[in-house]
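Working notes for the structure below.
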Amino acid sequence: VRAGRANPGMVSGINVEAYGVINPINTLANITVHDGKQLFIKPFDRGNLKNIEKAINESNLGINPTNNGETIILTVPDLTEETRRDYVKQAKSMAEEGKIQLRNIRQDANNHIKSSEFTEDEKDSLTKEVQELINKYNKKVEEIFNNKEKELMSI
């Protein structure tokens, strides 16, 4: 979930046609972050500058590139309050999906334990161990969500 800060990962999925072949953008250019709001993309070969700019425009990134003849600059706009809240909702749903997956894993593990040839004491012990692991990872999911929420809501 994007937090309104420039990040090289924003363009990592963009492929550029260069030398008659489709290449990932990071194999054709050096990507750096400047002051947290701007992403600088400096091609190793200036001949690819137009192709990189075209690929960024076609990627629906939502940011218009600025070409200064040597470098492409992407300036990440500030997020509005409404956009921040939408991103928090998106992060919350991702966290809930993670918790659902953890519950499914717990259910599968418990079913496996019940159907195995362990003694009752061993089954109880393993079930408790599974629950402790699930609790640990639920806390991690919640912690990651809380950190992302703070990051998104800070200006």
Side-chain angles (χ1 to χ4, degrees), residues 1-41 44 51-65 72 74-155:
V1 178
R2 187 170 71 107
R5 292 186 180 89
N7 181 342
M10 294 170 61
V11 295
S12 64
I14 297 176
N15 292 316
V16 181
E17 184 177 345
Y19 312 114
V21 181
I22 302 294
N23 298 292
I25 193 168
N26 59 352
T27 63
L28 298 172
N30 189 19
I31 303 167
T32 57
V33 176
H34 184 299
D35 73 24
K37 290 289 183 191
Q38 292 182 325
L39 202 59
F40 284 29
I41 303 170
F44 301 126
N51 293 342
I52 292 172
E53 184 178 15
K54 179 181 174 189
I56 291 170
N57 280 326
E58 292 174 353
S59 71
N60 295 326
L61 193 59
I63 301 172
N64 289 327
I72 295 173
L74 298 174
T75 303
V76 179
D78 291 330
L79 298 177
T80 63
E81 185 71 22
E82 183 179 337
T83 306
R84 289 176 191 275
R85 291 190 192 283
D86 288 343
Y87 284 154
V88 168
K89 286 179 188 175
Q90 184 180 357
K92 180 76 171 173
S93 70
M94 293 168 117
E96 286 303 317
E97 183 63 32
K99 289 180 180 181
I100 289 169
Q101 293 299 324
L102 286 170
R103 286 194 295 271
N104 291 339
I105 290 168
R106 178 184 59 205
Q107 185 176 7
D108 291 345
N110 287 341
N111 289 340
H112 181 71
I113 291 168
K114 286 178 186 175
S115 67
S116 62
E117 297 179 14
F118 293 116
T119 65
E120 286 302 315
D121 288 341
E122 289 174 328
K123 288 181 181 180
D124 289 342
S125 174
L126 289 171
T127 302
K128 286 180 184 177
E129 191 175 327
V130 167
Q131 185 60 47
E132 288 172 6
L133 283 170
I134 296 300
N135 289 344
K136 174 184 169 185
Y137 285 101
N138 270 328
K139 285 180 185 175
K140 280 190 176 185
V141 167
E142 195 63 35
E143 183 179 310
I144 291 168
F145 167 71
N146 289 334
N147 289 340
K148 185 53 112 173
E149 183 179 28
K150 286 177 192 171
E151 179 185 347
L152 287 167
M153 294 311 288
S154 65
I155 295 177

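Hydrogens, waters and symmetry mates play no part in the numbers below; they use all other heavy atoms, side chains included.
- Listed by chain and residue number, nothing satisfies the side-chain hydrogen bond (donor to acceptor under 3.5 Å, both in side chains) test with Thr27 (two or more places apart in sequence, or in another chain).
- Between Leu74 and the options Asn64, Ile41, Val33, a side chain to side chain contact (heavy atoms under 4.5 Å, CB included) holds for only Ile41.
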| request: Evaluate side chain to side chain contact (heavy atoms under 4.5 Å, CB included) for Met153 paired with Val88, printing each intermediate quantity in order. | output: CA-CA 8 Å; Met153 294 311 288; Val88 168; 3.7 Å; yes
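- Between Val141 and Ala95, the closest heavy-atom pair is CG1-O, 3.6 Å.
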| side chain to side chain contact (heavy atoms under 4.5 Å, CB included) between Glu122 and Thr119: does it pass, once the steps are laid out? | CA-CA 5 Å; Glu122 289 174 328; Thr119 65; 3.2 Å; yes
| task | Using the side chain to side chain contact (heavy atoms under 4.5 Å, CB included) rule, take Asn110 and Val130 through it: C-alpha gap first, then chi angles, then the decisive distance, then the call. | result | CA-CA 8 Å; Asn110 287 341; Val130 167; 4.0 Å; yes
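- For Phe145, the ring pair (Phe, Tyr, Trp, His ring centres under 6.0 Å) test picks out no residue, with sequence neighbours left out.
- Proximity of Asn51 to Tyr19: side-chain heavy atoms (C-beta onward) are nowhere separated by under 4.5 Å.
- Between the Ser125 side chain and the Asp121 main chain, no donor and acceptor come within less than 3.5 Å of each other.
- Partners of Glu53 according to the side-chain hydrogen bond (donor to acceptor under 3.5 Å, both in side chains) rule, which considers only residues two or more places apart in sequence or in another chain, are Asn67.
- Panel note: side chain Lys37, backbone Thr75; no donor-acceptor pair is recorded below 3.5 Å.
- For His34, the ring pair (Phe, Tyr, Trp, His ring centres under 6.0 Å) partners are Phe40, not counting sequence neighbours.
- For the side-chain hydrogen bond (donor to acceptor under 3.5 Å, both in side chains) test, residues two or more places apart in sequence or in another chain that qualify with Thr80 are Thr83.
- A distance of 10.0 Å separates CG of Asp124 from CD1 of Ile113, quoted to the nearest 0.5 Å.
- Partners of Glu58 under the side-chain hydrogen bond (donor to acceptor under 3.5 Å, both in side chains) rule, at least two apart in sequence or in another chain, do not exist in this structure.
- The side chain to side chain contact (heavy atoms under 4.5 Å, CB included) test applied to Asn30 returns Thr32, Phe44, not counting sequence neighbours.
- Scored by the side chain to side chain contact (heavy atoms under 4.5 Å, CB included) test, Lys150 finds no partners at all (sequence neighbours excluded).
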| task | Verify side chain to side chain contact (heavy atoms under 4.5 Å, CB included) between Leu152 and Glu149, making sure each step is shown before the conclusion. | result | CA-CA 5 Å; Leu152 287 167; Glu149 183 179 28; 5.8 Å; no
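- Within the model, atoms CD1 of Ile14 and CD1 of Ile25 stand 5.0 Å from one another, a figure rounded to the nearest 0.5 Å.
- Scanning for salt bridge (charged side-chain N to carboxylate O under 4.0 Å, His left out) contacts around Arg103 gives an empty result, with sequence neighbours left out.
- The stretch residues 89-99 participates, sequence neighbours left out, in these salt bridge (Lys or Arg N to Asp or Glu O under 4.0 Å) pairs: Lys99-Glu142.
- For the atom pair CD of Glu117 and NZ of Lys123, the computed distance is 9.0 Å after rounding to the nearest 0.5 Å.
- A donor-acceptor contact shorter than 3.5 Å is absent between the side chain of Asn23 and the backbone of Asn15.
- Residue pairs meeting the side chain to side chain donor-acceptor pair (under 3.5 Å) criterion with at least one member in residues 128-141, sequence neighbours excluded, are Arg106-Gln131, Gln131-Asn135.
- Not counting sequence neighbours, the partners of Asn26 by the side chain to side chain contact (heavy atoms under 4.5 Å, CB included) test are Pro24, Ile31.
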